[in-house]
Amino acid sequence: MRFGGIGPLLGAAIALLSPFVAAEDSDRPHGSVPLRTHSLTAPFLDSDLQSRWFDYGGDTIIRADRYIRLASDQPSQSGWIFSRVPLTATNWEIELEFSIHGKHNLFGDGMGLFVTKERAEQGEVFGFRDKFEGLGIFFDTYKNNRPGVVFPYIMAMVGDGQTAYDKGNDGKANELAGCSVRGIRNADFPTKARITYFAEKSLTMEVMYKREDEWTHCFEVENVKLPSVTYLGMTAETGELSDNFDLMRLETRNLYATGSNNQNQGKSTTQQGKSSSHTKSKSRSSGGSWTWFFLKFILFGLAVAGSYIGFTMWRAHKRDRF
């Protein structure tokens, strides 16, 4: 009688369960909680025609059933919308749905997303102030002087509060990373962008503009450090050339990891002013603990069963020999 089969059986069981165990021990963010304080969805305004969490100004037009138009298809437009409370999440993800469109063959200038220490200061960098401190991501539709680069172009810049944006060369001197997005203008469906930030680790951007539900990797940069307290804003501007720059949805999520779950959840709860997120955090943390408990219980049961079967087979084999 051969009884070596119990080893492979236990090995296969452990191999099947190991991904779940690894997930429990991972330090990388694996969950998210929406931040209502930094998100925008229709109708955008409350009954008093105001936004509880955002201020807006300049030439921004809000059509409650459809979009926030940061700049219209007219010359010399400039508009903005900025969060009222700071974004204090350590790790976060921002996803926006937008549309850049117009009726002209020549068009410009562009749109900006900002995560900066400053807020709501109108200026010449896609409608925001120059020499900002923090992250700026520019959806640049007009080419000034960047040989070899196809426009429209998305570019990321981390400002130090002192360095000016190289507007004459489309930010060439300031570029952290970027990618060409030909076809993002006048797309047949609402285009999207997703920016993910792990504090002092990485900044990643994906764009949906070629086909619906197909994300295209734009860039990933390591060792990016942003100010600990920032405000989230969207801006746009036109010059002699113009386009419509419409924002349909903005969703910000707080990312959290095992072990830092409660800490980050507390931050998101403070920002939202509600206890529901804290309750959700506790339930998720509790769920993870119970999952790990049952996994250990199953592994222990398999080990005991294997030992018992092995001993029984060994005893029977010994008895047969005599």
Side-chain angles (χ1 to χ4, degrees), residues 38 54-60 68 70-71 75-90 92 94 96 98 100 108-146 149 151-179 193 195 197 199-205 218-219 221-243 245 247 250 252:
H38 293 79
F54 284 83
D55 289 322
Y56 62 93
D59 295 308
T60 297
I68 297 172
L70 298 167
S76 303
Q77 292 267 303
S78 178
W80 54 267
I81 186 163
F82 256 86
S83 65
R84 290 184 175 180
V85 297
L87 175 62
T88 58
T90 304
W92 47 257
I94 298 170
L96 58 146
F98 62 97
I100 302 174
D109 278 337
M111 178 176 72
L113 181 147
F114 293 91
V115 183
T116 57
K117 289 182 67 174
E118 305 84 7
R119 64 176 297 272
E121 296 185 39
Q122 203 160 351
E124 297 183 354
V125 183
F126 300 94
F128 188 54
R129 59 161 286 176
D130 203 354
K131 299 182 180 180
F132 58 84
E133 184 174 353
L135 175 67
I137 294 181
F138 312 134
F139 299 74
D140 195 344
T141 58
Y142 181 74
K143 184 174 183 176
N144 290 300
N145 185 25
R146 286 285 304 261
V149 176
F151 277 66
Y153 190 76
I154 294 177
M155 191 201 94
M157 169 186 174
V158 175
D160 58 7
Q162 300 177 354
T163 303
Y165 173 65
D166 183 16
K167 191 168 186 176
N169 297 296
D170 302 305
K172 183 178 180 179
N174 316 109
E175 182 171 356
L176 177 69
C179 65
I195 304 100
Y197 175 67
E200 300 185 31
K201 293 182 180 179
S202 65
L203 176 71
T204 307
M205 182 162 187
C218 183
F219 62 76
V221 186
E222 296 181 351
N223 302 319
V224 176
K225 184 177 181 179
L226 300 179
S228 57
V229 177
T230 54
Y231 294 88
L232 172 61
M234 294 286 303
T235 67
E237 72 170 358
T238 65
E240 294 181 7
L241 305 177
S242 60
D243 250 340
F245 295 91
L247 175 64
L250 176 69
T252 304

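Sorted by first then second residue, the salt bridge (Lys or Arg N to Asp or Glu O under 4.0 Å) pairs that include residues 229-239, not counting sequence neighbours, are Lys167-Glu237.
Between Phe139 and the choices Phe245, Phe98, Phe114, the ring-ring contact (aromatic ring centres under 6.0 Å, His included) rule is met once, by Phe98. For the side-chain contact (heavy atoms from CB on, under 4.5 Å) criterion with Tyr197, the lone passing option out of Leu135, Ile94, Thr90, Leu226 is Leu226. Each of Leu232, Val158, Ile137 was evaluated against Val115; a single residue qualifies, Leu232, per the side-chain contact (heavy atoms from CB on, under 4.5 Å) test.
A distance of 6.0 Å separates CG in Leu96 from CG in Leu113, rounded to the nearest 0.5 Å. Expressed to the nearest 0.5 Å, how far SG of Cys218 lies from CE of Met155 amounts to 11.5 Å. Note that the CZ atom of Phe128 and the CD atom of Glu121 stand 6.0 Å from one another [nearest 0.5 Å]. With rounding to the nearest 0.5 angstrom, the CE atom of Met111 is 11.0 Å from the CG atom of Asp140. The CD atom of Glu175 sits 4.5 Å away from atom CZ of Arg146, with the distance rounded to the nearest 0.5 Å. Atoms CD1 and CE, on Ile154 and Met205 in that order, are 4.0 Å from each other to the nearest 0.5 Å.
Under the salt bridge (Lys or Arg N to Asp or Glu O under 4.0 Å) criterion, Lys131 pairs with no residue, sequence neighbours left out. Taking the salt bridge (Lys or Arg N to Asp or Glu O under 4.0 Å) definition, one finds that Glu124 meets it with nothing, sequence neighbours left out. The salt bridge (Lys or Arg N to Asp or Glu O under 4.0 Å) check on Asp55 picks up Arg84, Arg119, with sequence neighbours excluded. For Lys143, there are no salt bridge (Lys or Arg N to Asp or Glu O under 4.0 Å) partners, not counting sequence neighbours. For Phe54, there are no ring pair (Phe, Tyr, Trp, His ring centres under 6.0 Å) partners at least two apart in sequence or on another chain.
Between Phe138 and Tyr165, the distance from one ring center to the other falls under 6.0 angstrom.
Remark: side-chain polar atoms of Glu133 are not paired, donor with acceptor, to backbone N or O of Glu118 under 3.5 angstrom. Judged purely by atom type and a 3.5 angstrom limit, Asp59 has no side-chain atom pairing as donor or acceptor with the backbone of Ala71. For the pair Thr252 (side chain) and His38 (backbone), a donor-acceptor distance under 3.5 Å is present. Using modelled atom types, no side-chain atom of Asn145 and backbone atom of Gly168 make a donor-acceptor pair closer than 3.5 Å. Although no hydrogens or angles enter the test, the distance criterion places no donor-acceptor pair under 3.5 Å between the side chain of Asp109 and the main chain of Leu241. Between the side chain of Ser202 and the main chain of Val221, no donor-acceptor pair closer than 3.5 Å is present.
Residues Thr235 and Phe82 have side chains in contact (heavy-atom distance under 4.5 Å, counting atoms from C-beta outward). Two residues are said to be in side-chain contact when any heavy atoms from C-beta on lie closer than 4.5 Å; Phe219 and Leu203 meet this criterion.
Counting all heavy atoms, side chain and backbone alike, Tyr142 lies closest to Gly108 at CB-CA, 3.9 Å. Smallest separation of non-hydrogen atoms from Phe132 and Met157: CZ-SD, 3.8 Å. For the residue pair Ala120 and Trp80, the shortest heavy atom distance occurs at CB-CZ3, 3.6 Å. Pairing each heavy atom of Pro86 with each of Val229, the nearest pair is CB-CG1, 3.4 Å. Phe151 and Thr141 make their closest contact through CD2-C, 4.3 Å (heavy atoms, listed as atom of the first residue, atom of the second, distance). A pairwise comparison of heavy atoms in Ser78 and Gly127 identifies OG-CA, 3.5 Å as the closest pair.
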Could you walk me through whether Trp92 and Leu87 satisfy the side-chain contact (heavy atoms from CB on, under 4.5 Å) test, starting with their C-alpha distance in whole Å, then the side-chain angles of each, then the deciding distance to 0.1 Å, before giving a yes or no? CA-CA 9 Å; Trp92 47 257; Leu87 175 62; 4.0 Å; yes
Which is it for Asn144 and Asp170 under the side-chain hydrogen bond (donor to acceptor under 3.5 Å, both in side chains) test, yes or no, and what are the steps along the way? CA-CA 6 Å; Asn144 290 300; Asp170 302 305; 2.9 Å; yes
